[in-house]
Amino acid sequence: MAALPFSTKSTPSKFVSTFIHSNHIRRNSRPFFITTTTCSRSRARRQLRVKNVATDDKDVATQTQQGSLATNPPDSSSIASNIKYHAEFTPSFSIESFALPKAFYATAESVCDMLIVNWNATYEYYDRLNVKQAYYLSMEFLQGRALLNAIGNLELSGAYADALKMLGHNLEDVARQEPDAALGNGGLGRLASCFLDSLATQNYPAWGYGLRYKYGLFKQHITKDGQEEVAENWLEMGNPWEIPRNDVSYPVKFYGEVVSGLDGKKTWIGGENVTAVAYDVPIPGFKTKTTINLRLWSTKVAPEEFDLHAFNTGDHAKAYAALKNAEKICYILYPGDESMEGKSLRLKQQYTLCSASLQDIVARFERRSGESVKWEEFPEKVAVQMNDTHPTLCIPELIRILMDVKGLSWTEAWDITRRTVAYTNHTVLPEALEKWSLQLIQELLPRHVEIIKTIDEELIHTIIAEYGTEDLNLLEQKLREMRILDNIDLPDSVIGLLCKSEESSAVDHVEEVDFSDKEAKTTDEVGQSKGLDTKTKNEVTFEPDPKLPKTVRMANLCIAGGHAVNGVAEIHSEIVKNEVFNDFYKLWPEKFQNKTNGVTPRRWIRFCNPGLSKIITKWIGTDDWVRNTDMLVTLRKFADNEDLQSEWREAKRRNKIKVASFLKEKTGYLVNPDAMFDVQVKRIHEYKRQLLNILGIIFRYKKMKEMSPEERKAKFVPRVCIFGGKAFATYIQAKRIVKFITDVGATVNCDRDIGDLLKVVFVPDYNVSVAEVLIPSSELSQHISTAGMEASGTSNMKFAMNGCVQIGTLDGANVEIREEVGEDNFFLFGAHAHEIAGLRKERSEGKFVPDPRFEEVKAFVRTGVFGPYNYDELMGSLEGNEGYGRADYFLVGKDFPSYLECQDKVDEAYRDQKRWTRKSILNTAGSYKFSSDRTIHEYARDIWKIEPVVLQ
């Protein structure tokens with residue numbers, strides 16, 4: 001433990017004094033900014049020191065407004081003094097020592113001082129101009145560590161490294177003390193975080209809104225039994241990047257009832273009330289003063305909800321029941337929803353995000369509008385983006401606020417909402433297109449069900465206006481596919497309309513409309529009186545099926561209630577238009593767009609792969625590519641240059657040596673950095689087909705065992721096969737796959753006959769920080785999902801950016817990556833998306849004949865070579881022709897032979913290192929298209945209609 005290398009009674013430096021004083025002024029200048037009552041204890045304490053600082057208030061205020069601290073960055077000595085100061089007043093640690101955890105916290109506080117200056121200046125400027133602002137709502141923000149990213153964006157990495165050296169520490173060691181913020185799970189959350197970085201970098205006025213999960217998804221441990229889940233502890237020592245806004249809170253209601261006043265106005269009363277409290281996190285842009293905001297909500301109840309009488313009489317559970325019910329809303333990301341309690345909690349989470357965020361957005365609009373609030377201008381000042389269907393309740397919630405709180409009519413509120421809200425679809429998987437029980441929503445959110453029913457009625461009338469009532473079979477089909485309320489009675493206004501239509505055409509049509517037994521009888525009598533052959537009628541029923549659940553289809557609500565719908569890759573957007581939501585596309589083609597995902601080049605190459613970044617800058621001639629990735633295409637003309645290739649290989653090898661050390665630390669396995677690093681890291685799911693990968697490895701291992709040592713070396717390129725990812729806690733089959741991979745690794749890695757020719761490593765607790773280590777070292781990455789099932793993917797973009805060659809199917813963004821990097825530089829295999837339905841049909845008819853190699857590898861697994869665990873359920877999912885959990889739905893068997901043959905081509909290409917390095921360079925060059933800067937520009941231009949605002 002390092003001793004504190006300075007006097008704890010030292011006076012703050014001029015640098016520190018200026019920051020303290022300027023922050024004090026900024027925080028108390030307007031209600032919007034931080035006040036002494038809402039800042040953390042350490043910040044409140046450091047404001048007390050302002051009394052001893054002889055600085056003119058006016059000068060500091062002017063200096064802050066102009067952002068001069070950002071334009072005149074501090075030197076390392078000033079930074080060291082600032083860190084020293086924070087170390088003295090950091091409340092989470094004792095004063096006796098300056099160990100790494102304390103060094104991190106003090107360093108982060110020092111960086112946050114600078115961020116707050118630009119942060120406050122950014123929003124004061126936006127307020128003054130009253131610019132249109134985008135609000136990005138997401139259940140996930142997978143931020144990763146913030147320290148290196150923040151000082152990198154501030155262009156202070158070198159200065160902070162030198163400052164920490166003065167204080168006896170290494171910057172990388174300090175940065176490793178920071179836990180990953182446990183606010184996300186996979187690509188959805190990481191995309192949201194990349195978007196925030198790009199929004200700030202490109203100076204777009206925007207905020208993010210999310211929830212502040214106390215325990216995250218889970219921390220993954222790998223044991224002999226496979227994956228085990230424990231709660232994340234990322235907030236255990238506090239979070240230096242967040243500012244609690246105790247003065248920014250909103251009521252969120254559940255349950256209760258809706259009553260109507262004499263004037264017809266609806267009021268939602270009674271029920272359970274919680275309070276959502278804001279926590280703000282500054283998000284800095286790269287080489288810009290613009291610093292935007294991520295506002296996270298935490299939930300609590302008022303102190304009077306604590307039942308003191310019950311507590312004193314010994315009924316402690318009753319005493320704090322209300323507190324726990326409120327707090328648990330923000331405990332866990334995606335709580336298990338097998339139980340009704342779990343479903344209810346998930347819905348509460350989604351509504352809390354929507355309600356608190358919309359109330360805040362409306363309040364900000366009113367404040368900026370001043371005394372004259374023109375609600376018709378709301379869509380001209382506000383754009384709300386729903387990241388997947390989780391924030392769908394934004395639509396009825398905004399209508400509720402506008403009607404019940406602000407007094408607008410239905411017509412006004414519905415028009416404003418439709419012009420404000422937009423929806424990003426991230427999946428074509430049926431189970432991921434959320435459907436909520438109508439009964440659950442009715443109990444939890446009774447007012448919103450009324451609003452949703454009205455929206456559904458509006459949609460039905462729109463469908464009838466489009467298709468008419470002459471062809472009732474067609475109309476019934478359209479309503480079945482497009483209604484928001486599934487398996488629910490038609491509204492009275494629609495029944496009346498269809499009854500009139502049926503009466504006017506009873507003579508000319510043979511269709512029978514069955515609304516109820518009475519209506520069916522009436523229609524039948526009409527048919528008989530006219531001498532019609534009722535036996536040949538095609539009965540059309542609009543009645544719900546009592547055997548099926550009554551649900552609310554959230555994606556349909558998103559499409560009906562918003563002005564834009566976008567997919568996240570070209571192939572995905574086509575599937576959305578032509579298959580998943582084809583009826584909606586035909587009705588509103590103008591709503592549908594493509595916005596291919598992107599990743600921030602700052603975090604995903606500039607900061608995580610500095611060696612390669614320097615090489616790129618050298619050969620391009622400028623580092624402007626970090627903000628303009630179009631410049632990466634310049635590398636194409638140098639792809640065959642031997643000097644560049646040599647530098648490129650050396651940078652890759654240094655990263656591989658680093659990862660070899662990392663794997664030894666995390667798993668205990670020793671790997672050879674001269675072997676090919678073959679990586680598949682992503683959420684564990686059957687459609688992502690980690691099972692295909694590990695079965696291919698097993699086949700490789702089996703063939704190695706059948707050969708002599710000389711034959712093995714001649715046939716196979718040495719490989720280190722690296723897996724990482726979390727299986728959802730209740731997803732049993734995915735957890736079996738994790739167990740399977742670790743069992744294979746335990747056998748293969750201890751086989752002396754095989755040695756360094758093959759290693760299989762599962763990295764526990766995969767997260768952003770792990771990705772930042774693994775991706776720069778990777779040489780082959782696997783993106784092998786069943787074609788048509790991956791919306792886009794973003795890890796494929798990160799790998800390409802870092803010069804990693806890919807093997808994959810024509811799925812998601814793979815299609816566009818292959819186009820940009822060149823067909824020769826992407827290893828393609830597998831069935832195409834348009835073939836999948838036919839192949840499944842062929843399987844169900846018993847026509848599929850598996851490849852002998854596929855049968856061979858399954859039989860080998862069943863011999864018990866990988867341990868005593870019974871893998872019959874896992875292998876059985878690949879067999880049979882029908883049934884739940886059977887029939888190889890994700891076509892592992894179908895694509896297996898193509899996959900093996902493609903892997904042979906990989907081995908062949910890797911043996912020629914010049915050829916392989918050329919592929920690697922061209923992958924980086926082709927990644928220019930997949931910057932989130934480009935994606936955000938398209939959102940801003942086409943959907944949000946906002947312009948960049950550069951601080952003056």
Side-chain angles (χ1 to χ4, degrees), residues 645 648-649 652-653 655-656 659-660 671-681 689-723 741 744-745 748-749 751 753-761 774 777-784 796 799-800 802-809 814 817-818 821-830 851-854 856-857 860 892 895-923:
Q645 287 199 1
W648 201 272
R649 283 193 293 270
K652 182 68 72 173
R653 192 173 192 281
N655 288 328
K656 290 171 70 178
V659 166
V671 301
N672 179 8
D674 292 322
M676 179 201 295
F677 278 22
D678 173 353
V679 180
Q680 187 181 20
V681 283
R689 299 203 295 190
Q690 286 91 352
L691 187 54
L692 174 61
N693 187 352
I694 194 63
L695 289 176
I697 292 169
I698 292 169
F699 184 81
R700 188 182 187 91
Y701 174 65
K702 184 176 185 295
K703 293 305 159 186
M704 285 181 174
K705 293 291 287 181
E706 294 169 356
M707 295 178 179
S708 67
E710 294 76 17
E711 289 173 325
R712 289 180 204 130
K713 289 183 180 179
K715 170 70 175 174
F716 296 105
V717 167
R719 286 205 198 191
V720 177
C721 301
I722 301 171
F723 292 84
I741 294 168
V744 172
V748 172
N749 298 344
D751 192 323
D753 293 340
I754 303 302
D756 284 343
L757 269 180
L758 184 63
K759 297 293 183 185
V760 180
V761 183
L774 293 181
S777 74
S778 302
E779 294 172 289
L780 179 74
S781 63
Q782 306 217 20
H783 305 277
I784 57 178
N796 45 9
F799 281 101
N802 283 270
C804 182
V805 183
Q806 302 187 38
I807 180 172
T809 53
N814 285 2
I817 290 174
R818 182 170 176 260
V821 306
E823 294 180 5
D824 292 341
N825 306 307
F826 185 104
F827 291 96
L828 178 67
F829 76 96
D851 187 275
R853 291 168 291 182
F854 187 58
E856 179 184 352
V857 77
F860 186 56
V892 173
D895 282 349
F896 189 72
S898 174
Y899 179 69
L900 293 182
E901 290 152 15
C902 196
Q903 288 285 13
D904 288 341
K905 294 176 183 177
V906 171
D907 277 0
E908 178 187 353
Y910 192 78
R911 286 190 178 94
D912 184 345
Q913 278 294 290
K914 287 186 177 180
R915 178 185 169 197
W916 189 270
T917 305
R918 184 179 190 277
K919 291 177 181 292
S920 176
I921 294 169
L922 291 174
N923 265 267

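For this chain, numbers begin at 1 and follow the sequence in order.
Heavy atoms of other residues, nucleotides or ligands lying less than 6.0 angstrom from NZ of K713 number 12 at most. Within a 6.0 Å radius of CD in E706, more than 12 heavy atoms belonging to other residues, nucleotides or ligands are found.
Shown here are the salt bridge (charged side-chain N to carboxylate O under 4.0 Å, His left out) partners of R719, two or more places apart in sequence or in another chain: D678, D907. Qualifying salt bridge (charged side-chain N to carboxylate O under 4.0 Å, His left out) partners for D904, counting only residues two or more places apart in sequence or in other chains: none. The salt bridge (charged side-chain N to carboxylate O under 4.0 Å, His left out) check on R712 picks up nothing, with sequence neighbours excluded. Every ring-ring contact (aromatic ring centres under 6.0 Å, His included) that Y899 has, sequence neighbours left out, goes to F829. Scored by the side chain to side chain contact (heavy atoms under 4.5 Å, CB included) test, S781 finds H783, F799, C804, Q806 as partners (sequence neighbours excluded). A search for ring-ring contact (aromatic ring centres under 6.0 Å, His included) contacts involving F896 returns F854, not counting sequence neighbours.
Panel note: side chain S777, backbone N655; no donor-acceptor pair is recorded below 3.5 Å. Looking only at distances, a side-chain donor or acceptor of N923 sits under 3.5 Å from a matching main-chain atom of N825. Remark: side-chain polar atoms of T917 are paired, donor with acceptor, to backbone N or O of Q913 under 3.5 angstrom. Checked by atom type and distance alone, the side chain of N749 pairs as donor or acceptor with a backbone atom of V760 at under 3.5 Å. In terms of modelled atom types and a separation under 3.5 Å, the side chain of K759 and the main chain of P718 share no donor-acceptor contact.
In this structure, CG on L780 lies 11.0 Å from CD1 on I722, to the nearest 0.5 angstrom. Separating the CD1 atom in I784 from the OG atom in S898 is a distance of 11.5 Å, to the nearest 0.5 Å. In this structure, Q680 CD and S778 OG are separated by 11.5 Å, a value rounded to the nearest 0.5 Å. Note: L758 CG to R700 CZ = 6.5 Å, rounded to the nearest 0.5 Å.
You'll find the side chain of N693 reaches within 4.5 Å of the side chain of F723, heavy atoms only. Using a 4.5 Å heavy-atom threshold, the side chains of I697 and I694 count as touching. Side chains of R915 and D824 form no contact here, defined as non-hydrogen atoms less than 4.5 Å apart. Put simply, the side chain of F699 reaches to within 4.5 Å of the side chain of L900, judged on heavy atoms. Counting only heavy atoms from C-beta outward, the side chains of E908 and V717 never approach each other to under 4.5 Å. K656 is not listed as a side-chain neighbour of V720, based on a closest heavy-atom distance of 4.5 Å or more. Side-chain contact check for K705 versus D753: some heavy-atom pair is nearer than 4.5 Å. Under the 4.5 Å side-chain criterion, counting only non-hydrogen atoms from C-beta, E856 is in contact with K703.
For the pair R653 and P673, the tightest heavy-atom approach, listed with the atom from each and the gap, is NH2-CG, 4.3 Å. In terms of heavy atoms, S920 sits closest to V805 at N-CG2, 4.1 Å. Counting all heavy atoms, side chain and backbone alike, P897 lies closest to R853 at CB-NH2, 3.2 Å. Of all non-hydrogen atoms in T809 and F826, the two that sit nearest each other are O-CZ, 4.4 Å. Closest approach of K919 to A909, counting heavy atoms only: CE-CB, 4.1 Å. Considering all non-hydrogen atoms of both residues, N814 and G808 come closest at ND2-CA, 4.1 Å.
The aromatic rings of Y910 and W916 sit perpendicular, their planes meeting at an angle over 60°, well past the 30° parallel limit.
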Trace of the side chain to side chain contact (heavy atoms under 4.5 Å, CB included) decision for Q903 with I807:
CA-CA 8 Å; Q903 288 285 13; I807 180 172; 3.8 Å; yes
